[in-house]
Number of protein chains: 2
Amino acid sequence: MTRPTEQTIVEAAILVFNEDYSAPLEKVAERAGVTRRTLHRYFTGREELLVCCARDMQRSCREALEQALTSSTDPVVQLENMLYAGIDCGAKYAFFTKLHTRPDHQHAPGQAADCAEYDDLQARCRAVVARLQQEGRISPHLPTEWVLLLLGGVVKTTIEARATGATEPHLRQFAWFSFSKGIGL
Amino acid sequence: MTRPTEQTIVEAAILVFNEDYSAPLEKVAERAGVTRRTLHRYFTGREELLVCCARDMQRSCREALEQALTSSTDPVVQLENMLYAGIDCGAKYAFFTKLHTRPDHQHAPGQAADCAEYDDLQARCRAVVARLQQEGRISPHLPTEWVLLLLGGVVKTTIEARATGATEPHLRQFAWFSFSKGIGL
DNA sequence: TTAATCTGTCTCATATATGAGACATACTGC
DNA sequence: GCAGTATGTCTCATATATGAGACAGATTAA
């Protein structure tokens, strides 16, 4: 076992819960190559596991996005790297955004800070897009919100394509081509 | 009650299961404005309900796509209407494709015909894209598969945008703009 | 009105998911 | 080898989800 079991379980949980939010913990254990009993040694129950997943996703996504945002002062480069960051985070990115846009998503006392950080990241991404619009480098007809949603959509599409077994190196190029053209860049 | 209860339940189930595949039937009943006991009067259990959902989605998506494909002989018009068909079907489209691309999706004896029809629809959509590529009207660098996946991704993005409360008439324009540009049209 | 149907509430039985104790085995570093 | 940790199997208790019967009130059609 190269990675500690705890981390293996969290990553399996992210993959499983992203596909099926109410899936039994048995499936998570199965995917992690672990008994459910072992899973319970590390996590009291579903709730705690979900909190750990959220933390893990948050950390991964934050680091990746942070790097993308500081990679350059050119918003086009920033945007391209934001896309790649999402693709690299894979299911973590997809599930992370899903969690924070759930209709029943409420800010629990302990996680208010996490949500604030999510909102902050979201705002910084929006700023990149807004700047591109102000500079007239992307289509002025599209709302900022649409551009951000499309970014997420292309990321998810890329993840989906990767799952169906597509050639990895080209996928990023397809993704950036479709996204950049799709926002009129 | 304008619609029969059975149909109300099926549509609620599609909305709920699309978001959370293993959600308890209680949630479906709740969303349908019905007691779980009432739900059980119409459907023996989860399995039967899912079969009915599949049938309903299949019918809706088939009709919508059929109309899009026969709307014109120009593949560009066909493609645009395919996009709108997906958007109009909403969650039905999203869940329908999700069901048929699940890793554990097996062709049960009674549903082999349904899957065949799905594959047929898929093939006809692919043919439209392939024709556009042969005629050199869209980017030759993108695989047919990517174009189809992107179509689905833009549909889902549009559904998501609609859910967050965006101006409906413009959404279709954004969707078609981003998709058509995104495939180099 | 009467009969038939639809719908909801109560209740219970069963199935499945979840949580945990006890203990054996395997592997680790010392 | 030995102690400590990680992991697995067995077992059981509890919680939740599911399925169904009995029956009452509402609605509808004749």
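Chain letters run A, B, ... following the sequence lines, proteins first and then strands; every chain starts at 1.
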Novice: Whether the A:Gln133 and A:Thr144 side chains hold a donor-acceptor pair (N or O, under 3.5 Å, no angle test) is what I'd like checked.
Specialist: yes
Novice: Does A:Asp20 have any salt bridge (Lys or Arg N to Asp or Glu O under 4.0 Å) partners at least two apart in sequence or in another chain, and if so, which?
Specialist: none
Novice: Scan side-chain atoms only and decide if B:Glu11 and B:Gln7 contain a donor-acceptor pair under the 3.5 Å cut-off.
Specialist: yes
Novice: Which angle, to the nearest 10 degrees, lies between the helix axes at the two ends of the helix from C:dT1-D:dA30 to C:dC30-D:dG1, each defined by five pairs?
Specialist: 40°
Novice: With rounding to the nearest 0.5 Å, note down the distance linking CD in A:Glu66 to CZ in A:Arg59.
Specialist: 13.5 Å
Novice: Respond yes when some side-chain nitrogen or oxygen of A:Thr38 is under 4.0 Å from OP1 or OP2 of D:dG8, and no when none is.
Specialist: yes
Novice: Distance check needed: D:dA17 P versus B:Tyr21 OH, whole Å only.
Specialist: 18 Å
Novice: Can you find a side-chain donor-acceptor pair between A:Trp146 and B:Thr157 that sits under 3.5 Å?
Specialist: no
Novice: Show me the protein contacts with nucleotides 18-28 of chain C, counting only N or O atoms at under 3.5 Å.
Specialist:
from: C:dT18; atom 1: OP1; to: A:Arg46; atom 2: NH2; distance (Å): 2.2
from: C:dT18; atom 1: OP2; to: A:Leu25; atom 2: N; distance (Å): 2.6
from: C:dG19; atom 1: N7; to: A:Arg36; atom 2: NH1; distance (Å): 3.2
from: C:dA20; atom 1: N7; to: A:Arg37; atom 2: NE; distance (Å): 3.4
from: C:dG21; atom 1: O6; to: A:Arg37; atom 2: NE; distance (Å): 3.2

Novice: Sequence neighbours left out, what passes salt bridge (Lys or Arg N to Asp or Glu O under 4.0 Å) with B:Glu135? Give chain and number order.
Specialist: B:Arg131, B:Arg137
Novice: With sequence neighbours left out, what residues match A:Ser71 under side chain to side chain donor-acceptor pair (under 3.5 Å)?
Specialist: A:Asn81
Novice: So, using side chain to side chain donor-acceptor pair (under 3.5 Å) as the criterion, who are the partners of A:Arg46 when residues are at least two apart?
Specialist: none
